[in-house]
Amino acid sequence: MIEFRSVTYGFDDVSVLEDLSLTIENGEFVVLVGPNGSGKTTLLRHCNGLLTPDSGTVLVDGTRVEADLIAARSTVGMVFQHPRDQFVAATVGADVAFGPENLGLDRPEIDSRVTAALEAVNMADREDDRIETLSGGEQARVAIAGALAMKPSYLVLDEPFTGLDTPARRSVRSRLESLSDRGTGVLLATHDLREIRDLADRVIGMQDGQIIIDEPPEQALDDCAELAIL
Amino acid sequence: MLTYVPDDTLAHRLDPRSKLAVQLGFAAAALTHTGPRAILVLSALAIGMLAAAGVSPIRAVIAARYALVILSLAPLLAALTLGPPWIETDAGLTTALASYRVLLVLLVSTAAVRSTRVRDSRAAIQRTIPGRPGHLLGIGVALLFRFLPVLRADIQTIRDAMAARLGAQRHAHERAGTIALLGLSRAFDRADRLSLALRARCFAWNPTLPPLSFSRLDIPALLLATTLLCSTLLTTIPL
């Protein structure tokens, strides 16, 4: 379970999250919507300790994120908005292996995780490809594989459909669907709720650093439109 | 910190040419006056300039942290000798004071950068230094201050990407190597895109620059710059 308890965060005297409380259950698929600057990315970055709250607490499976960053970062996989921002190696295989190597696993285990993660995103046998030769959709899938190789219980994705064409969107969407079916919790920020609504268990709408909608997806589309956050 | 921030402080209202003159005067004075009294006066002046730009001295020092590493190492290296006595305190102390004076110059520059729009800095340089050298310097400064924040953001993104997948568990030298390599590759990539964007938007060597005008507020700043420059000349030129 990922739990935000009265989290407040700001920078340069601007408040981004205001006394925000939220719980995401194991295996739940939660979609986060809201206009630019509403605090979605900031909220996501608290989940694995890339940001630390000014006040309040973020707990992952009952442990404060700052108290055990290694546990938080291996439990919560993070996929950045722009896949290119996430790559730290020149080839697909090396990049996906980056996380498992940091966990100190032995080589056969790392290789097996890389293979499994790439298979999960339909990129098997592409380990030796250079990152810059991949299309936008392929880069998005490798970015997801990089997070999956850590075997996370939760996957946090920041606008994963940005800049992708329709086939690439479908491909990423179907990967998320199969992950969710296998019990991985998903927290996904997007501007387009229609794209992902049928996969979601819950929709959270944000505005000015606060949660203003938290409801099942059936009601969310109308309410989001009414509140002009979509 | 190393970018312009809109505000209405005293420094923001000064003509950029005055700020350029004060920076030059301060840098010249800091390089020539090495005594403890002069350093005290220069420190007070630097703090005053930061206050005039609405910048906290602590935040300015934090902004200069990367330069501080080199400035802190310099006295240690200067104090070391290759034989007995191994450490020369006087040499280390002289270099430490020199490092401190360089830090003061950086703080004054921070105040100027914080309070001057990039276009105004470019205009001030091009109007002060005539001809091709002024154009080159103006464009160089403008590009540097537009490019620097983007590069810093890129480096931060690389660090975040590594941290998100436990990159902090790796040895410091390995992390530094990865950041340097990726940072360099992204810097070249950014430079390519910037060059393309400049060409696409009809980059000109001599565009219409924003108008600049002195006001009464500039008189004390120009007097300060003149005093600093005169004090330097009086120290360096034998009468």
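Below, read A as the first sequence line, B as the second, and so on, with proteins coming before strands; counting in each chain starts at 1. In what follows, every heavy atom counts, from backbone to side chain, and hydrogens, waters and symmetry copies are set aside. Everything quoted here is computed from the prediction, not taken from an experiment.
The shortest distance between side-chain heavy atoms of B:Leu166 and A:Glu101 does not fall below 4.5 Å. In this structure, A:Leu103 and B:Gln169 have side chains that are not in contact, with every pair of non-hydrogen atoms separated by 4.5 Å or more. Contact annotation: the side chain of B:Leu182 never approaches that of A:Phe87 to less than 4.5 Å [non-hydrogen atoms, C-beta and beyond].
For a residue to count as touching a neighbouring chain, one of its non-hydrogen atoms must lie under 4.5 Å from one of that chain's; by this rule B:Thr157 touches chain A with backbone and side chain alike. Heavy-atom distances place the side chain of A:Asn48, and not its backbone, under 4.5 Å from chain B. For B:Arg186, the part lying under 4.5 angstrom from a heavy atom of chain A is the side chain only. In this structure, chain B has a heavy atom under 4.5 Å from the side chain of A:Phe80, while its backbone stays farther away. Proximity to chain B (any heavy atom under 4.5 Å) is restricted, for A:Arg45, to the side chain, taken from C-beta onward.
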Determine, step by step, whether B:Asp189 and A:Arg84 satisfy the side-chain contact (heavy atoms from CB on, under 4.5 Å) criterion, reporting the C-alpha distance in whole Å, the side-chain angles of both residues, the deciding distance to 0.1 Å, and the verdict.
-> CA-CA 12 Å; B:Asp189 189 36; A:Arg84 286 193 63 186; 3.2 Å; yes
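Shown here is A:Asp128, whose CG atom has no more than 12 heavy atoms of other residues, nucleotides or ligands within 6.0 Å. Heavy-atom contacts from other residues, nucleotides or ligands closer than 6.0 Å to CG of A:Asp125 number 12 or fewer. For B:Ile58, the CD1 atom is loosely surrounded, since the number of other residues' heavy atoms within 6.0 Å does not exceed 12.
Closest of all the heavy-atom pairs between A:Leu50 and B:Ala164 is CD2-N, 3.9 Å.
With respect to chain A, the highest number of heavy-atom pairs below 4.5 Å among B:Asp154, B:Asp160, B:Ile158, B:Ile179 belongs to B:Asp160.
Between the side chain of A:Asn102 and the backbone N or O of B:Arg165, at least one donor-acceptor pair lies under 3.5 Å.
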